[in-house]
Amino acid sequence: MAHVDTTHAPPAHEPSAHPPEHEEETTTGINHRKLLMWVFLGSDCLFFGSLIATYMVYRGQSVVGPYPKDIIDVPITTISTFVLLMSSFAMVMGVAAARNGNQKRLVQWLIATIILGAIFIGFQVYEFNLFRIEGLRYETNLFSSTFFTLTGFHGAHVTLGLFWLLCLTIIAMRNPAGRPSGLDVDIAGLYWHFVDIVWIVIFTLLYLIGGFDAGPEVEHAAVQGWQWITATIM
Amino acid sequence: MSTNPGHEGALPHDEHGGHEDAGMKRFFFGHVPEGVHGGLKQYGWLAIFLGIITLVEFLIIVPEGLQGSSVVIAPLVILSVIKFFCVVAFFMHLKFEHPLLWQIFVAGLILGLVVALSLVVLFGVLRPTPRAFSENRQEPFVHHAAEEEHHFEALVIPTPCPVGACPQPAAPGAAVASSPGQALFVGAAACSSCHTISGVAQGVLGPPLDGIGSASANRIPGYSAEEYILESILEPDAYAAGTADGLSQDYDGNLMLSTMAGVLPSLSDEDIEALVEYLLSLQ
Amino acid sequence: MVTITGVIPRPSTYTGLWSWLTTVDHKRIGALYGFSAFIFFLIGGIEAGIMRLQLATSDASLVSPDWFNAMFTMHGTTMVFMAIMPFGATFFNFLIPLMIGARDVAFPRLNAFSYWTFLFGALLMHAGFLIGQVPDAGWFSYANLTSAPYSLSKGLDFWALSLQVLGIASLAAGFNFIVTIINMRAPGMSLMRMPVFVWMTLVTSILLVLAFPIITVALIELTADRQFGANFFNTSAGGDPILWQHLFWLFGHPEVYILILPAMGVVSEIIPTFSRKPLFGYPVVVFSGIVIAIMSWAVWSHHMFTVGLGPIANSVFTITTMLIAVPTGVKIFNWIGTMWQGSIDLRTPMLMAIGFVALFIVGGLSGVSHAVSPSDFQQQDTYYIIAHIHYVLFGGAIFGIFAGIYYWYPKITGKMYHEMLGKVHFWLMFVGMNLTFFPMHYAGLNGMPRRIYTYAEGFGWEGMNLLATIGYFIIVISLLVFIHNFFRSLKKGEPAGHDPWDAPTLEWSISSPPPVYNFAEIPVVKGQDAYWITKREAAARGETVEGEAHVDSSTIHLPSPSYWPLVTAFGVAWLAGGFLIDVGWDYIRFPVCFIGGIITVIGVIGWSNEPAAEEHHESGEHH
């Protein structure tokens with residue numbers, strides 16, 4: 001080979017020498033998949049940001065009921081919020097177990113996460129069904145359209161996460177040695193925590209603050225916020 | 001934010017479970033090298049802390065007076081921001097990661113926040129109503145008789161009407177449709193969307209039809225006024241009156257032809273008769 | 001689940017149709033992108049031709065008003081989402097690993113998934129033609145033209161769901177290239193040593209992953225309104241159609257820069273090469289690209305000056321829009337500064353690049369003229385806007401893309417294109433482009449509204465429109481010259497050698513076309529314009545640099561082909577297509593969607609259970 005530029009280059013890697021779980025060397029030292037997951041989460045911020053913006057823009061603009069104050073049940077959702085938070089805790093313990101190579105603990109914590117996540121979804125199904133019975137269907141008013149779309153897509157994210165964790169659990173139970181790797185669990189965990197933090201925002205905005213909105217006479221969310229900002233500053 | 005000394009190659013995290021316990025204070029507030037994580041103790045305390053915050057949030061809105069009040073917005077937002085960043089920093093162990101990941105996530109987060117906020121501001125705060133806009137800018141009415149005429153001239157929107165054919169002040173009572181023909185003119189036949197008749201309709205494009213009843217009598221030799229108007233409705237391109245009225249040549253019958261093609265089928269013979277009768281009455 | 005991958009043997013051929021369907025090689029995927037993008041470019045061009053013929057004379061009746069609506073909608077949608085964006089992806093795919101000295105992208109199978117999802121989404125969009133349900137509300141489909149009561153055909157459902165699928169493809173590609181560029185650079189290639197094209201790809205990818213979620217939400221809301229009776233844009237329920245405009249343009253304005261930044265990157269590679277000078281002010285070019293990306297988020301409402309946002313919002317967006325012209329102008333000065341006193345070689349790529357700079361200036365200036373909101377009130381929805389967007393996207397993006405095609409043709413095919421035909425193509429396209437779009441400025445300022453299917457004579461628009469139609473046919477002829485040149489040179493072109501332009505970037509250090517493994521040995525980068533440095537150092541030692549010799553590809557570890565990306569993409573497209581089934585009985589479509597979901601899940605499970613690369617000996621078997 002006559003080229004001169006590669007004399008100092010490291011030799012091409014001998015591929016078969018790599019064990020299957022070997023993570024490639026990268027420029028920044030961050031694993032490819034982990035970087036991908038964080039970029040995805042950054043991008044998903046915009047997804048939920050737009051959905052939440054839609055809800056906030058339309059807050060208090062419905063012209064017919066039921067309005068949030070007629071139908072939102074804050075205590076029950078506080079419990080489901082707590083459940084989701086605890087599932088995050090179980091998840092992070094699972095990640096720690098996977099990193100320490102403790103496969104048995106990993107399975108236990110993963111199952112705990114799945115159960116808590118499933119309880120959260122159960123609360124959501126219960127809530128949606130209750131709303132339907134009380135006359136708040138998807139097409140009823142602006143509140144229902146924005147509410148069901150936002151919480152529904154969050155629920156879809158949670159459900160997807162449940163499937164993911166379920167797959168990891170099955171793999172962990174069938175291959176007690178080495179799979180899934182700490183990284184596999186770590187990345188699933190990042191997704192799961194993200195779903196949790198999105199719910200933190202939704203819970204505050206839709207339930208704690210917006211859960212008592214009435215009909216169109218309610219002052220616009222933004223106006224309210226603006227007044228608050230100006231009142232605090234001045 | 002932690003800096004990362006030396007990034008030669010990837011540190012396979014899964015093989016470094018050794019230094020598990022980073023110590024409570026150091027874990028939450030101190031500088032911790034990459035790859036270190038907490039255990040049951042740290043995460044457990046954090047979970048309890050987050051649970052307590054959730055409880056506090058709930059307690060804040062228990063008193064009915066505070067429900068939906070804007071007083072609680074600030075504490076609730078602050079509490080949930082604390083929760084949010086605890087989960088991100090510790091459960092998602094972003095505190096212990098390469099700063100690039102932190103930057104990527106925060107970029108997305110801030111952009112999402114800015115997008116949402118600016119939409120809310122655009123819809124809620126800056127939402128202009130034309131009334132509010134004009135009310136903010138209105139000047140108190142002062143009767144300046146001398147300036148009045150001048151004032152009006154400045155405000156008149158120039159419309160393409162030749163001298164002498166400009167809309168005259170409406171005759172009293174003319175605004176009410178006085179005949180079925182006039183009703184058609186401003187209504188179903190949609191003539192008024194183009195043609196102007198003083199006091200009845202303000203069109204935008206076609207020749208004004210004030211006095212058309214008398215003017216049309218001798219526009220085409222050998223045609224009576226009635227025949228002329230009828231032909232102009234049914235076959236607008238047969239004779240272009242525009243130039244005769246001193247209008248720009250752009251207003252020719254062809255435009256009316258294509259417009260009328262959509263209207264004529266919906267008009268009965270009686271309708272057209274009524275329309276002609278009405279136009280004839282404009283002396 | 002492991003058995004799923006075991007049932008069907010993993011594809012391992014590198015020839016034939018099956019190898020193209022299962023390829024994960026970034027160069028092949030780039031070629032697929034380029035081929036598909038060019039087909040859709042021609043389709044969009046034919047749609048433009050139908051409009052130009054219809055508008056050539058007044059009161060023409062070549063197509064019905066409805067079809068005219070369909071034509072301008074599909075022309076815009078096709079050109080933006082199915083031609084210029086995938087043309088960009090073509091260059092990303094082919095060049096990024098080569099320019100940063102990598103063997104492939106970070107996620108080769110995700111890359112294949114991007115392509116197939118793009119293709120299926122584009123086909124789904126065009127499937128509407130087969131059953132006469134064509135989208136017809138303009139490429140930005142303003143609510144509530146798109147609400148069910150005002151748009152009875154399924155056209156907009158095709159539009160919304162296909163764009164959703166295309167969005168998935170773009171997002172996947174965006175993630176992939178961000179990770180690739182951040183994480184797979186050759187040793188020594190720091191961020192500020194990356195070629196400008198790589199920088200612009202990074203910036204574009206970041207814009208992609210941040211902007212597409214917004215249009216995803218907008219399309220979800222539109223679909224919910226149309227399919228499930230939601231009220232997002234339903235004014236009688238308190239909804240506001242303006243929200244659609246905000247969401248669309250929040251996505252749409254970064255999208256404009258997604259379309260133009262790759263072309264700017266291409267031009268920033270070509271001008272230094274053919275001026276024999278390093279790029280003037282490299283850090284400034286990079287920085288202004290980043291500033292453009294950031295500011296593109298602060299200008300979206302300039303598309304909406306006339307909707308009545310009020311004086312504050314209009315003033316703010318007027319100012320930000322005028323400010324974004326600054327970094328763009330900086331880049332133009334940098335390109336001119338690069339050419340200044342360079343020894344300029346006017347080969348076709350350089351001509352195209354200079355054409356880009358010239359025409360983009362025109363488009364940029366008309367853009368500033370409607371950045372001023374009072375002035376925009378005159379120009380909104382007139383042909384002036386059409387003229388502006390085509391100077392930016394045809395004069396800008398398309399010229400940049402053709403510059404890139406000519407520049408890298410020798411690298412991609414190993415053959416040299418015909419220089420004379422290339423120049424003929426450039427001049428015909430340059431003249432045709434100006435003839436088509438320059439009169440539109442006048443037609444627009446004389447009041448010709450956009451989207452009208454015909455106009456009465458007497459408005460003084462006939463001459464302009466006839467000129468535009470003539471210009472269109474000159475562009476068509478120029479494209480025929482290009483197609484002829486492309487295929488003729490493929491067969492009969494002279495061998496190009498590894499470095500015909502004496503270029504500064506790493507892709508020219510390997511043979512043309514590049515071997516499947518790209519670099520036999522990963523290069524070490526010593527500075528900006530890495531290959532120039534290498535050649536200079538060699539010259540100082542009295543040596544010449546030759547293309548890298550070929551090695552047996554079986555000795556190099558490469559990702560193996562896989563059919564799972566194809567299966568997964570097919571499942572996603574099926575899922576979207578299932579929504580479109582309308583046979584009266586509503587419940588048939590959900591089972592159909594469910595099947596699509598199952599296919600997707602099988603694809604994902606198979607995918608994740610299959611290692612990225614098979615054990616070494618398997619990939620070497622078929623030689």
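Just so you know, these numbers use all the heavy atoms, side chains as well, and skip hydrogens, waters and symmetry mates. It should be emphasised that the depicted structure is a prediction, and the values quoted were computed from it without experimental measurement.
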Notebook entry, point to check: More than 12 foreign heavy atoms under 6.0 Å from CD1 of C:I312: is that the case here?
Noted result: no
So do [Y] and [X] actually touch side chain to side chain, heavy atoms under 4.5 Å?
| X | Y | result |
| --- | --- | --- |
| C:H246 | A:T54 | no |
| A:F40 | C:V209 | no |
| A:H32 | C:F107 | yes |
| A:Y58 | C:L243 | yes |
| C:V604 | A:W164 | no |

Roughly how far, to the nearest 0.5 Å, is the [atom2] atom of [Y] from the [atom1] atom of [X]?
| X | Y | atom1 | atom2 | value |
| --- | --- | --- | --- | --- |
| A:S50 | C:L250 | OG | CG | 7.0 Å |
| A:S145 | C:D225 | OG | CG | 7.0 Å |
| A:T26 | C:R185 | OG1 | CZ | 9.5 Å |
| A:F47 | C:L210 | CZ | CG | 14.5 Å |
| A:M37 | C:F175 | CE | CZ | 9.5 Å |
| A:F153 | C:T216 | CZ | OG1 | 9.5 Å |

Please classify the contact between [X] and chain A as side chain, backbone, both or neither, with a heavy-atom cut-off of under 4.5 Å.
| X | result |
| --- | --- |
| C:S236 | backbone |
| C:L171 | side chain |
| C:I220 | side chain |

Kindly give the heavy-atom pair with the smallest separation between [X] and [Y], and that separation in Å.
| X | Y | result |
| --- | --- | --- |
| C:E221 | A:L51 | OE2-CD2, 4.4 Å |
| A:Y138 | C:A230 | CE2-CB, 3.8 Å |
| C:N231 | A:E139 | ND2-O, 3.2 Å |

Notebook entry, point to check: Hey, are A:T27 and C:N183 close enough side-chain-wise for a donor-acceptor pair under 3.5 Å?
Noted result: no
Next item on the list: Test side chain to side chain contact (heavy atoms under 4.5 Å, CB included) on C:F251 and A:L46 and set out the steps.
Entry: CA-CA 10 Å; C:F251 149 78; A:L46 268 292; over 6 Å; no
Margin query: Please classify the contact of A:T149 with chain C as side chain, backbone, both or neither, using a heavy-atom distance under 4.5 Å.
Written below: side chain
Margin query: Need one label for A:F163: side chain, backbone, both or neither, based on atoms under 4.5 Å from any heavy atom in chain C.
Written below: neither
Check: Can A:F48 and C:V217 be said to form a side chain to side chain contact (heavy atoms under 4.5 Å, CB included), step by step?
Finding: CA-CA 8 Å; A:F48 280 107; C:V217 167; over 6 Å; no
Margin query: Looking only at heavy atoms and a cut-off of under 4.5 Å, which of A:C45, A:S43, A:G42 has the most pairs with chain C?
Written below: A:S43
Notebook entry, point to check: Taking every heavy-atom pair that is under 4.5 Å apart, which of A:V39, A:L142, A:N141 has the most such pairs with chain C?
Noted result: A:L142
